[in-house]
Amino acid sequence: QVSVINTVDTSHEDMIHDAQMDYYGTRLATCSSDRSVKIFDVRNGGQILIADLRGHEGPVWQVAWAHPMYGNILASCSYDRKVIIWKEDNGTWEKTYEYTGHDSSVNSVCWAPHDYGLILACGSSDGAISLLSYTGDGQWEVKKISNAHTIGCNAVSWAPAVVPGSLIEQPSGQKPNYVKRFASGGCDNLVKIWKEEDSQWKEEQKLEAHSDWVRDVAWAPSIGLPTSTIASCSQDGRVFIWTCDDASGNSWSPKLLHKFNDVVWHVSWSITANILAVSGGDNKVTLWKESVDGLWACISDVNKGQGGVSAVTEGQQNEQ
Amino acid sequence: MEEPDTEPPLVVVPGADPSARQLCFAWGPAEVLVCETRFGRAGGSRSRSRSMSRALTGSVADTGEGAPGSSRVFVVRRDQDIYIQTLRKLFNESHGIFMGLQRSEEELAGKSRKAQLVQVSKNYRSVIRACMEDMHQAAVSTRDPALQGQYSTQVSILSAMELIWNLCEILFVEAAAAGPLLLRLLDWVRLHVCDVDSMVREVLSSENPSKHKLFWNVVDVFVLQGRMDEARHLLSKEVAANPTSMNMYKILDDLMKKMPMPSLGNTQTLTELELKWQHWHEECQRFLQDGTFASNPHMESICKILVGDEDAILEKKELMTTWYHFLVTRLLYSHPTVKPMELRFYAQSSMDLFLGGESSPEPLDMILMAAFEFEMHQVIKECSIVLSNWWFVAHLTDLLDHCKLLQSHNLYFGSNMREFLLLEYASGLFSHHSLWQLGVDYFDHCPEFGRVYLELHIERIPLNTEQKALKVLRICEQRQMHEQVRSICKIMAMKALRNNRLGSALSWSIRAKDAAFATLISDRFLKDYCERGCFSDLDLIDNLGPSMLLSDRLTFLGKYREFHRLYGEKRFPEAARLLLTLMTAHIAPCSFWMTLLTDALPLLEQKEIIFSAEQTYELMRCLEDLTAGNSSDPSSAPFQEDDVETTKVEMLRLALARNLARVIVKEGTVEGS
């Protein structure tokens with residue numbers, strides 16, 4: 001059984017496109033077609049509007065919270081081709097940086113693992129992916145991957161930070177040699193993996209399996225196993241789970257999770273990567289878990305209803 | 001792809017508008033976010049060429065405007081038991097038992113180890129019972145009917161848990177052998193089938209029990225539960241009132257007295273018992289067939305029960321209330337030396353006979369059946385499905401694992417059943433503001449994934465207070481989780497800085513070994529000093545010690561403060577030397593040189609000569625470097641030529657010149673001459 005422990009009335013004047021909790025679950029950021037980004041304090045079941053951020057000139061598609069060690073920072077991207085980074089200073093939220101380097105709607109933003117610094121990846125309908133890195137003193141450095149996906153890029157997702165091989169603590173001040181990677185999904189039906197080499201971003205892998213636009217990609221958090229896992233979903237109604245067993249990241253193999261009857265829009269992993277949430281076009285969110293024999297099973301459908309709460313009798317051994 | 005064998009359960013989010021098209025979903029650390037949205041217009045309109053947009057929603061408005069949907073976002077959370085206040089004791093105390101079990105002596109072998117494990121099992125059960133008591137009290141004392149309902153439900157769930165656990169303890173942990181097995185099962189039934197207790201009490205406490213209309217029911221209950229002494233006692237009252245049945249009574253009483261029962265000690269072997277029991281059984285049979293009890297139907301039915309007549313026993317269905325009571329009664333009167341492995345046959349047939357096709361087994365029945373069949377994995381699986389929390393299965397499985405009963409049943413995550421369940425249970429604890437601390441210990445005892453799960457979860461604990469942050473930090477430090485330590489320290493440093501608590505921010509960044517941040521904060525300190533003329537957090541800066549070396553700026557801050565201290569203590573030569581070193585050794589940033597030189601002024605103006613000639617030359621050189629813009633620091637701004645600065649420079653030059661003059665004379669003068 002679930003309870004709605006809080007219903008936040010955002011007062012957005014138009015459709016909400018994204019809602020994200022911050023790291024600790026104390027704040028909620030929402031963005032909407034009404035061009036605003038709102039931030040609420042949701043501690044203890046409350047809903048206090050902390051900020052109503054205006055600055056975009058079109059529907060805002062996504063918001064993303066940066067790691068708290070950098071302060072309270074939120075990124076938003078919009079149809080107006082802009083990416084705005086907002087920061088809280090002395091209790092007030094303000095625009096701290098605006099990036100206008102894309103020619104078309106920016107569809108997705110995703111912060112890199114905090115170990116890499118403060119880096120934001122942005123995917124746009126102009127087919128390019130930009131990487132904005134904070135270099136200090138209010139300055140951001142931009143690297144652009146042009147033509148990452150023909151027609152457009154719909155989603156970006158970073159791989160968890162894993163130091164290759166080394167388990168020894170690095171002496172203080174020295175940054176370990178991280179291999180930075182992220183995945184992107186685009187209108188060319190492809191999922192691509194990008195790797196940073198010599199300060200340049202290169203396409204490392206092309207994952208082909210979808211027959212229509214890839215709508216979302218999500219790289220699973222690491223639980224210490226040498227395997228990497230990516231989930232991708234597409235206009236073609238399919239959700240694939242890609243796994244790569246070796247550390248060099250060369251051989252990715254897809255497993256079809258399910259074919260839905262409608263477009264699948266979003267996929268996201270729980271914190272310990274054992275549950276995948278899939279938002280489909282058919283009015284539901286389904287939750288999936290990998291079972292004993294490596295097969296994926298749907299453990300519940302989250303749906304809307306007429307107000308009554310139906311009892312959840314968990315299916316199979318795995319329960320949410 | 002795999003088709004699930006059952007339809008996945010539908011979770012309905014209460015209050016959401018069913019007419020809205022889609023659900024947007026996001027994971028929070030503990031809760032999830034669900035909001036109504038409409039995909040499609042976003043995607044369809046994102047493309048450059050509108051002709052390619054997918055008209056899924058039948059609208060091509062590319063700004064995403066149109067019918068506004070609901071502007072609500074639902075924060076949804078699974079109804080976890082950890083949020084029920086009255087269960088808190090359960091989680092806390094079972095944690096203690098769990099830890100004790102993990103640390104217990106593995107060296108004890110055989111009987112003593114088994115006794116130890118049985119004790120642990122009993123401890124768990126007593127915690128459950130204590131909780132039941134509390135819950136029952138809460139149910140009785142509340143006036144709110146909804147709450148009362150909730151509490152009552154909890155009581156029955158806890159009761160079921162204890163019932164199952166008790167049976168598992170008998171069959172698996174203690175692994176009672178034939179003989180004692182029956183005694184244990186009898187105890188189990190007596191303890192848990194309580195529906196008849198009030199009736200029993202009523203009859204016993206009445207003035208004339210034998211006249212009570214439920215008298216014979218109570219006698220039957222005692223017989224069915226093997227409580228011979230109590231049954232005989234009641235019967236004696238009856239015969240005292242009705243002397244005519246004295247003869248029958250004597251015979252029945254004798255039979256009941258002589259009934260052979262298994263014993264706990266080793267006073268007789270199983271074969272001996274079986275033999276005795278056979279004889280006794282035959283004797284009962286004879287009396288029955290001779291029609292000894294024909295005139296008293298009550299006594300006759302009792303005798304039928306004694307010979308294990310199934311139909312006679314089944315007639316008393318209402319007094320037994322459950323099929324497992326029926327099972328144990330059957331065994332008592334037909335096969336008291338039943339072996340553990342034989343239970344399954346009797347169990348299945350008992351359930352069938354008792355339910356008689358009228359009702360179907362409930363989940364609880366299936367779990368108990370699985371236990372009687374010694375299918376431990378099945379028991380755990382069914383319990384996982386039925387119960388709303390992982391508490392029960394996690395702790396029970398852990399105990400069974402310690403009894404070395406579970407073969408390693410390899411799972412993808414959690415590498416074995418025990419670890420899998422403990423990970424799930426502990427993960428659930430982390431969403432609670434104080435129970436998360438228990439979770440840490442559970443993760444510690446999951447050898448494969450415990451550590452990484454802990455790393456992932458502990459980062460999400462809100463660090464609301466310094467105290468909490470320190471607690472979390474200590475946990476990470478104890479486990480050498482260096483990344484998490486650094487991360488937490490950085491977060492706290494940033495928080496402190498945002499709230500202008502520079503001292504706190506500095507000490508956190510030192511702890512995080514974050515040089516960049518330390519530099520930033522040191523700059524803030526120095527800026528504050530320039531603006532206000534004094535330092536804040538002197539204690540901290542004075543006691544930096546070796547951590548001063550974390551960053552150059554920090555070192556400078558520490559040394560600069562030292563300069564001020566020396567000056568304050570009137571140790572001028574030392575102060576002067578330090579001041580000079582700060583510039584010549586380039587510890588001081590060039591931007592600060594002017595300030596340092598200005599600090600040198602009072603030293604130059606002292607009556608006593610402090611700077612030596614060489615030092616004075618050095619100072620002059622520094623000044624010239626600064627004003628000429630020849631500083632070695634490329635990032636420093638070119639020297640500002642404005643009135644204030646020019647005046648300062650003039651004053652310095654004058655002071656330096658004067659000092660030089662005095663010092664040359666002094667150094668040139670031969671002592672004593």
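Every chain is numbered from 1 and lettered A, B, ... according to where its sequence line falls, protein lines coming before strand lines.
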Which atoms of [X] approach chain B - backbone, side chain, both or neither, heavy atom under 4.5 Å:
X: T30(A); value: side chain
X: D22(A); value: backbone
X: E88(A); value: both
X: S222(A); value: backbone

Item to check | For H67(A), ring pair (Phe, Tyr, Trp, His ring centres under 6.0 Å) partners two or more places apart | outcome: Y23(A), H114(A)

Next on the checklist: Tell me every residue that passes ring pair (Phe, Tyr, Trp, His ring centres under 6.0 Å) with F430(B), counting only those two or more places apart in sequence or in another chain.
Outcome noted: F443(B), H457(B)

Give the member of [options] that has the highest number of heavy-atom pairs under 4.5 Å with chain B.
options: G224(A), P68(A), G25(A); answer: P68(A)
options: L28(A), D80(A), V278(A); answer: L28(A)
options: D89(A), D9(A), D34(A); answer: D9(A)

Next on the checklist: I need the F240(A) CZ to C233(A) SG distance, nearest 0.5 Å.
Outcome noted: 11.5 Å

Can you tell which part of [X] gets under 4.5 Å to a heavy atom of chain A, answering side chain, backbone, both or neither?
X: E459(B); result: both
X: I461(B); result: backbone
X: V75(B); result: both

Next on the checklist: Quick check on side chain to side chain contact (heavy atoms under 4.5 Å, CB included): which of I458(B), V472(B), L454(B) does Q484(B) satisfy it with?
Outcome noted: I458(B)

Checklist entry - Quick one: do the D523(B) and T519(B) side chains pair a donor with an acceptor below 3.5 Å? => result no

Checklist entry - Hey, are S384(B) and W390(B) close enough side-chain-wise for a donor-acceptor pair under 3.5 Å? => result no

Checklist entry - Is the shortest distance from a Lys or Arg side-chain nitrogen in R35(A) or E13(A) to a carboxylate oxygen in the other one below 4.0 Å? => result no

